[in-house]
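Whatever order the structure lists them in is the order used to number ligands and atoms, beginning at 1.
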Amino acid sequence: MSTRVVGIASGKGGVGKTTLIVNLALQLTELGKKVLIFDADLGMANVHLAFSKSISHNLTDVICGAVSLEQTIVNLSEEIDLIPGGSGVADLADLDKIAVSSIVQAFSAIEGRYDYLLVDMSAGISTQVLTFLSCVHLKIVVGTDELGSISDAYSLIKVLSKQYGIENLIYLPNRVSSSKAGKKLFGSLNHVTTKFLNKSLEYIGCISEDSLYCRVWDSTEPKGVITASSNAYAELSAVVSEIEKHSAFSSLEGSKGLSFFLDGFAS
Ligand SMILES: Nc1ncnc2c1ncn2[C@@H]1O[C@H](COP(=O)(O)OP(=O)(O)O)[C@@H](O)[C@H]1O
Ligand SMILES: [Mg+2]
C-alpha cells in the first residue's frame, strides 16, 4: 500500500492545525482508511490529548536509540495511530546525519501499513517545518481571518516559495463565519501572493467557526466524526473529498509505502 503524506502547517500558532488533523483522521477512518498521525509540533505536541492518551516514549527516545519508532506508536483508536514528536527535539534539521538516518530507517520499518500519514507541524518558519514540508505530498497552510494569522501565513508562504522553491501550497481558511467568508479570505491572500510573489495558492475548501467541530478536544465525548448538523461537517467532508482525489498523489501509483517522505528526508 502506498502512503499518502499530508503536512499541515501555519504561520501563527493556535489557528486550528491539530483540530483539523484530528477531524481529518476521524473522517478518513469513516472511509475505511488507516491513518498514522506524526505529531511533529515539537514544542506543543498535543494530538494524544484529543484522545485522552498518555505518551511514554517519543521521537527523542528514538533518536538517542532507547526505543524503536515502532515502540513509540500509540493506538489512538482502532484505525488511527500516533507517533508522538516529543518536546525535546528542538530542530530536526540540526540533527546529525546518524540521527536523521535513524529516523529514516525507522519510517521504512512501518511503510506500507497506512493509507495516510498526517503530519502536524510547529507554527512559523523553522528549518524543521521547511524540511518536513518539502517531504510531503500535500502541503496545507491553515489560517484564520485574524490580521496576525494572515500576515504570518503570507510570511510562511513567502519563505516556502521564494527561498525553498516549495510549490503547490494549499491555503485553508479556518474559523471563518461562513463558507463564503472562507472563500473570500482565500481570495484576498491568493491575490497578494499572486501579485507580490507570483505564486497562486490552491483552494480545497475552508472550515467555519463551529463548537461541534472542536468536540474532539472534549474528553467526556466519545471520539467520532462530528455530526451532520454541524456547519463544519459539510465543509470538512468537502475538504476530505478534495484530498482523496488530489492529483498530488498520482505520482504514488506503483510506488510503495513512505518512500516519497523518506526521499525528502534523505536529500
Ligand atoms: N473551526 C473552529 N471553530 C471553533 N474553534 C476552533 C476551530 N478550529 C480550532 N478551534 C479552536 O482553536 C483552538 C486552537 O486550535 P488548535 O487545533 O490547537 O490549533 P494549532 O494546532 O494550530 O495550535 C482550540 O481551542 C480549538 O478548539
Ligand atoms: Mg497544534
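Contact annotation: for Ser10 versus ligand 1, there are no heavy atoms closer than 4.0 Å. With a 4.0 Å heavy-atom cut-off, ligand 1 is reached by no atom of Asp120. Heavy atoms of Thr19 found under 4.0 angstrom from ligand 1 belong to the backbone as well as the side chain.
Among the atoms of Asn46, none of the N, O or S atoms falls under 2.8 Å from the Mg ion (ligand 2).
For ligand 1, the atoms closer than 4.0 angstrom to any heavy atom of Ser208 are 1 (N), 2 (C), 3 (N). Atoms of ligand 1 found under 4.0 Å from any heavy atom of Thr18 (numbered from 1 in listed order, with element): 17 (O), 21 (O). Less than 4.0 angstrom separates some heavy atom of Ile207 from each of these atoms of ligand 1: 1 (N). Listed by number with element, the atoms of ligand 1 under 4.0 angstrom from any heavy atom of Asn174 are 1 (N), 2 (C), 7 (C), 8 (N), 9 (C).
Comparing Ile21, Leu49, Asp210, Val47 by heavy-atom distance to atom 3 (N) of ligand 1, the nearest is Asp210.
The aromatic rings of Tyr116 and Phe249 stand perpendicular to each other, their planes meeting at an angle above 60°, with 30° marking the opposite boundary.
Here the closest heavy-atom approach between residue Lys139 and residue Glu167 is recorded as CD-O, 3.6 Å.
What sits closest to atom 14 (C) of ligand 1 on the protein, heavy atoms only, is Gly14 O, 3.6 Å. The nearest protein atom to atom 20 (P) of ligand 1, hydrogens excluded, is given as Lys17 N, 3.5 Å; this is a heavy-atom distance. Among all protein heavy atoms, the one lying closest to atom 19 (O) of ligand 1 is Gly16 N, 3.0 Å. Residue, atom and distance of the protein heavy atom nearest to atom 10 (N) of ligand 1 are Cys214 SG, 3.6 Å. In this structure, the protein non-hydrogen atom closest to atom 13 (C) of ligand 1 is Arg175 NH1, 4.1 Å.
Side chains of Leu82 and Asp39 form a contact here, defined as non-hydrogen atoms less than 4.5 Å apart. Contact check for Leu172 versus Val141: no side-chain heavy atoms found under the 4.5 Å cut-off. For the pair Tyr171/Leu185, a side-chain contact is recorded, criterion being any heavy-atom separation below 4.5 Å from C-beta on.
Not one N or O on the side chain of Asp61 forms a donor-acceptor pair closer than 3.5 Å with the backbone of Ala66.
At a cut-off of 3.5 Å, with distance as the only test, no side-chain donor of Ser208 or Asn231 sits close to an acceptor on the other residue. Residues Asn75 and Asp81 bring a donor and an acceptor atom of their side chains to less than 3.5 Å of each other. Checking Lys199 against Thr193 by side-chain atom types alone, no donor-acceptor pair falls below 3.5 Å.
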